[in-house]
Amino acid sequence: MSDSAHAAEAHTETAHAVHRHPAPTGFIAKYVFSVDHKVIGKQYWFLALFASFMGMALSLWFRWHLAYPEQGLLTPEGYLAILTMHGTIMVFMVLTTAPQGGFGNYALPIQIGAEDMAFPRLNMLSFWLTLLSLIILLAAFFVGYDAKNWVPGPGSGWTGYAPLSVVEKAQAGKSGAWPQTMWVLSIAVFCLASLIASINFIVTTLDLRCKGMTLMRMPLTVWAWFVTAIISLLAFGVLLAGGLLLLLDRHLGTSFFVPGNLFIDNRVVTEHTGGSPLLWQHLFWFFGHPEVYIAILPGMGLASHLLANFARKPIFGYAAMVYAIFAIALLGFFVWGHHMFQSGMHPMTAVVFSVLTMIIGVPSAIKTFNWLGTLWNSKIRFDSPMLYALGFVSLFVTGGLGGIFLGQNAADVYFHDTYFVVGHFHMIMGVAAIFGIFAGSVYWFPKMFGRMMNERMSQIHFFATFIGVYLIFVPMHFVGLDGHPRRYAGFEFAFLKTPEMIAWHKVMTHGAIMTAVAQLVLLVNIFYSLFNGPKAPANPWEATSLEWGIPSPPPHDNFAGVIPVVNHGPYEYSVPGAPRDFIMQTDAPDILRHSSSQTAHIPVPTNTSASEKFPTLPPESSSDAGGSSGAAGGGSAPSDSGSTHA
């Protein structure tokens, strides 16, 4: 063996050895300040679950107000504050946290054959910073008062546009300095947590893959989490810098975002001069558009994973799906300007951003057609994870159609800041990503908790939620076409008081109520199944990836000290000549040649030792090729090459 091969082997062995930490013995070490990626993934998941119900409650609050404004449920400044808190909680604490922090933390190490994340203590720190961020954000509810009334939070919107987010008296209600300051602090802490987590995901994926797990044998879920971590590393740093500058403007008298001679509250603002509100918009949207893909890419990876699993077919165009993920991530950093078409940019600049926006639809279309190709002529199993995956595809495509209009700078003159925009981004970024969260929750619930969720309740939840979200967000496009501006708390203008406009708002509100009731079904299903659900079989979905070859829930170090050897791609379903309709990644490399004389892979009971589940290597060579980057054994066909470095 060459010196370089010896060095690579020694490096990988050391990497695996360093991250073997002993199993915790006390409750605090095991369930609170845990360094186990599986416990941390569950912590993220429960945090996002709590935050999602908080955000949903706020949305019901202002939706009821919009349907029945005569009841006076909210003042205008209260409406803007609730709107701000709803958007912030959902974007950061749910859409960013659950897919990446929850499922990524839990499943990524197991799917690549690692015992834990690369930096377990930093992993723990990133979760606790995220929790601290949520606590600071929720505290902003309770510290805002005007002269007479409680104002539940800042009123700058979740985008925090200056000067509203800088000059205290610019906000309606004049709720004081603390709500907006706590909002900025919360975002800054969240950015720090995301940066730490991103480094952890990238290093884990590149450095801790087991023997035979080449890059092109990784499940598409791993590719999605890996690329999302790269996006987060580049995007959250920009938002963190912008947030710090915002704090300096608010409290130390700098003028990064506030121009001179502003006339607010019947006086000229003299404390600031020379700043630019557009600078904040550039910084925010340079983060904000990649944030769309931070929220949606993990759902894309999971949808691809589940469509292959439940269609019992190899994913159509595995390599194209990988390249499309990278293309989306790259192009996502070049289209932020389409959020600023009405900011006074030069028309030629707007054309450039418009063209780039249309181009980014190409890799998304590749993924969509590949999903359809996977489903074509397949034997679909309509289990609840598959239903949620199909719902994701439906919402992603439907929501994406609105982007064709909003990406045109001429059309955006009319649509900008109307409900058309709200309907578009809620469908493609909001509920599509949430359907990905639903899919992951049902799919990995037996792995995470060792019990199955109730299938009937899951299907009731799917259909009620699917119908409900279409009732909410499709009508938003209609009222947007009629020119209804967003962020309006009432119907002061005559064109907003038409019977059609009011009727659509009532349809949206009743759809929101229907959707909220459906989430109670999900909540009951989760907690009932936690304690009373049937014990999960070893491989309930007959899947091929590594997590379904170990007990549920997994042991402390995932593989009981025996690192698996990967011999096949991640999507080898319905392979001609195979002893059954799927080949697991750890099945013998010659399973097809000897299928007539060998027994097919049988999922092991949960009490079977890891040495009986995986082909094993002597300890001194079990981690060879952990960092390989070869393309052998892609996911669309079985491979006899089990090994090796590229």
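Just so we're clear, the structure is a prediction, and the values are computed from it rather than from any experiment. Only heavy atoms go into these numbers, but all of them, side chains included; no hydrogens, no water, no symmetry mates.
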Asker: Is there a donor-acceptor contact under 3.5 Å linking the side chains of His461 and Gln519?
Answerer: yes
Asker: Strictly under 6.0 Å, is that where the ring centroids of Phe473 and His477 end up?
Answerer: no
Asker: Measure the spacing between CD of Gln100 and CG of Leu108 and express it to the nearest 0.5 Å.
Answerer: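 The CD atom of Gln100 sits 8.5 Å away from the CG atom of Leu108.
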Asker: Between Thr418 (side chain) and Phe420 (backbone), is there a donor-acceptor pair under 3.5 Å?
Answerer: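 A pair under 3.5 Å: yes.
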Asker: For Ser458, give me all partners under side chain to side chain donor-acceptor pair (under 3.5 Å), at least two apart in sequence or on another chain.
Answerer: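 So Ser458 forms a side chain to side chain donor-acceptor pair (under 3.5 Å) with Asn525.
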Asker: Taking side chain to side chain contact (heavy atoms under 4.5 Å, CB included) as the test, write out the residues that go with Pro152, two or more places apart.
Answerer: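 In terms of side chain to side chain contact (heavy atoms under 4.5 Å, CB included), with neighbours along the sequence ignored, Pro152 is linked to Ala81, Ile82, Phe141, Trp150.
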Asker: Would you check if there is a donor-acceptor pair between the side chains of Ser186 and Ser133 at a distance under 3.5 Å?
Answerer: yes
Asker: Report the residues that fulfil ring pair (Phe, Tyr, Trp, His ring centres under 6.0 Å) with Phe33, sequence neighbours left out, ordered by chain and then residue number.
Answerer: Trp128
Asker: Quick check: does any side chain N or O of Ser545 sit under 3.5 Å from a backbone N or O of Glu547, one acting as donor and the other as acceptor?
Answerer: no
Asker: Indicate yes or no for a side-chain donor-acceptor contact from Asn558 to the backbone of Ala114 under 3.5 Å, with no hydrogens or angles considered.
Answerer: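 Checked: pair present.
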Asker: Can you confirm whether or not the ring centre of Phe62 sits under 6.0 Å from the ring centre of His86?
Answerer: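 Distance test on ring centres: under 6.0 Å, yes.
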Asker: With rounding to the nearest 0.5 angstrom, report the CH2 to NE2 distance, Trp285 to His339.
Answerer: 5.0 Å
Asker: At what distance, to the nearest 0.5 angstrom, does CZ of Phe119 lie from CD1 of Ile196?
Answerer: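 If we round to the nearest 0.5 Å, Phe119:CZ and Ile196:CD1 are 11.5 Å apart.
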Asker: Considering the options Leu49, Val442, Val521, which one meets the side-chain contact (heavy atoms from CB on, under 4.5 Å) requirement together with Ile526?
Answerer: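 In the set Leu49, Val442, Val521, the residue that makes a side-chain contact (heavy atoms from CB on, under 4.5 Å) with Ile526 is Leu49.
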Asker: Who are the side chain to side chain contact (heavy atoms under 4.5 Å, CB included) partners of Phe286, not counting sequence neighbours?
Answerer: Val238, Phe333, Trp336
Asker: Kindly write out the residues that satisfy ring pair (Phe, Tyr, Trp, His ring centres under 6.0 Å) with Trp61, not counting sequence neighbours, or none if the list is empty.
Answerer: none
Asker: So, the side chain of Trp225 versus the backbone of Gly301: is there a donor-acceptor pair under 3.5 Å, distance only?
Answerer: no
Asker: Minimum heavy-atom separation for Thr130 to Ala193, with atom names?
Answerer: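 So the minimum-distance heavy-atom pair works out to OG1-CB, 3.5 Å.
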Asker: Which residues pass the side chain to side chain donor-acceptor pair (under 3.5 Å) test with Arg486, not counting sequence neighbours?
Answerer: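 Checked Arg486 against side chain to side chain donor-acceptor pair (under 3.5 Å); zero matches.
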Asker: Strictly distance-based, threshold 3.5 Å: is any side-chain N or O of Thr254 a donor or acceptor partner for the main-chain N or O of Leu248?
Answerer: yes
Asker: Please tell me whether Phe103 and Trp444 form a close aromatic pair, meaning their ring centres lie under 6.0 Å apart.
Answerer: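 Centroid separation for Phe103 and Trp444: below 6.0 Å.
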Asker: Residues in side chain to side chain contact (heavy atoms under 4.5 Å, CB included) with Ile202, at least two apart?
Answerer: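 Only Leu206, Phe226, Ala229, Ile230, Leu233 meet the side chain to side chain contact (heavy atoms under 4.5 Å, CB included) criterion with Ile202.
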Asker: Apply ring pair (Phe, Tyr, Trp, His ring centres under 6.0 Å) to Phe392 and Tyr388, showing your working.
Answerer: CA-CA 6 Å; Phe392 171 91; Tyr388 289 119; over 10 Å; no
Asker: Distance-only criterion, 3.5 Å: show the donor-acceptor pairs between side-chain atoms of residues 422-440 and protein atoms not counting sequence neighbours.
Answerer:
from   : atom 1 : to     : atom 2 : distance (Å)
His424 : ND1    : Gly399 : O      : 2.8
His424 : ND1    : Gly403 : N      : 3.3
His426 : ND1    : Val422 : O      : 2.9

Asker: Measure the shortest side-chain to side-chain distance between Ile328 and Lys367 over non-hydrogen atoms and say whether it is less than 4.5 angstrom.
Answerer: yes
Asker: What's the separation between atom CG in Leu131 and atom CZ in Phe46, rounded to the nearest 0.5 Å?
Answerer: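 It is 14.0 Å, given to the nearest 0.5 Å.
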Asker: Check for a donor-acceptor pair, side chain of Lys38 on one end and backbone N or O of His556 on the other, with a separation under 3.5 Å.
Answerer: yes
Asker: List the residues meeting ring pair (Phe, Tyr, Trp, His ring centres under 6.0 Å) with Phe201, not counting sequence neighbours, and say none if there are none.
Answerer: none
Asker: Going by the side-chain contact (heavy atoms from CB on, under 4.5 Å) test, name the single residue among Val227, Leu215, Thr204, Thr205 that passes it with Val222.
Answerer: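 That would be Thr205; it is the only one of Val227, Leu215, Thr204, Thr205 passing the side-chain contact (heavy atoms from CB on, under 4.5 Å) with Val222.
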Asker: What residues, two or more places apart in sequence or in another chain, satisfy ring pair (Phe, Tyr, Trp, His ring centres under 6.0 Å) together with Phe50?
Answerer: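 For Phe50 there are no ring pair (Phe, Tyr, Trp, His ring centres under 6.0 Å) partners, ignoring immediate neighbours.
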Asker: Got a second to check how far Leu58's CG is from Leu83's CG, nearest 0.5 Å?
Answerer: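 Answer rounded to 0.5 Å: 10.0 Å.
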Asker: Test: side-chain hydrogen bond (donor to acceptor under 3.5 Å, both in side chains). Region: residues 43-53. Which pairs qualify, not counting sequence neighbours?
Answerer: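 Pairs touching residues 43-53 that pass the test: Tyr44-Ser126, Trp45-Ser441.
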Asker: One pair to check against ring pair (Phe, Tyr, Trp, His ring centres under 6.0 Å): Tyr323 and Trp223. What are the steps and the verdict?
Answerer: CA-CA 10 Å; Tyr323 301 143; Trp223 277 112; 8.4 Å; no
Asker: Keeping the roles fixed (side chain from Asp249, backbone from Phe257), state whether a donor-acceptor pair exists under 3.5 Å.
Answerer: yes
Asker: Is any side-chain heavy atom of Arg250 closer than 4.5 Å to one of Ser165?
Answerer: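 The answer is no, as the side chains (C-beta and beyond) never meet within the 4.5 Å cut-off.
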Asker: Could you tell me which residues satisfy side chain to side chain donor-acceptor pair (under 3.5 Å) with Thr221, sequence neighbours excluded, listed by chain and number?
Answerer: Gln111
Asker: Let me confirm one number: the OG1-OH distance from Thr465 to Tyr470, rounded to the nearest 0.5 Å.
Answerer: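 Here the rounded value is 13.0 Å.
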Asker: Can you tell me how the ring of Phe287 sits relative to the ring of Phe92, calling it parallel under 30°, perpendicular over 60° and tilted otherwise?
Answerer: parallel
Asker: So do Lys42 and Tyr31 actually touch side chain to side chain, heavy atoms under 4.5 Å?
Answerer: no
Asker: Are Trp183 and Thr88 linked by a side-chain donor-acceptor pair shorter than 3.5 Å?
Answerer: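 Looking only at side-chain atoms, Thr88 and Trp183 do form a donor-acceptor pair, the distance falling under 3.5 Å.
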Asker: Is the backbone N or O of Met56 less than 3.5 Å from a side-chain atom of Ser59, with the two atoms forming a donor-acceptor pair by type?
Answerer: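 Indeed, once roles are kept as given, a pair shorter than 3.5 Å links the two residues.
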Asker: Would you say Tyr106's side chain and Lys447's backbone share a donor-acceptor pair under 3.5 angstrom?
Answerer: yes
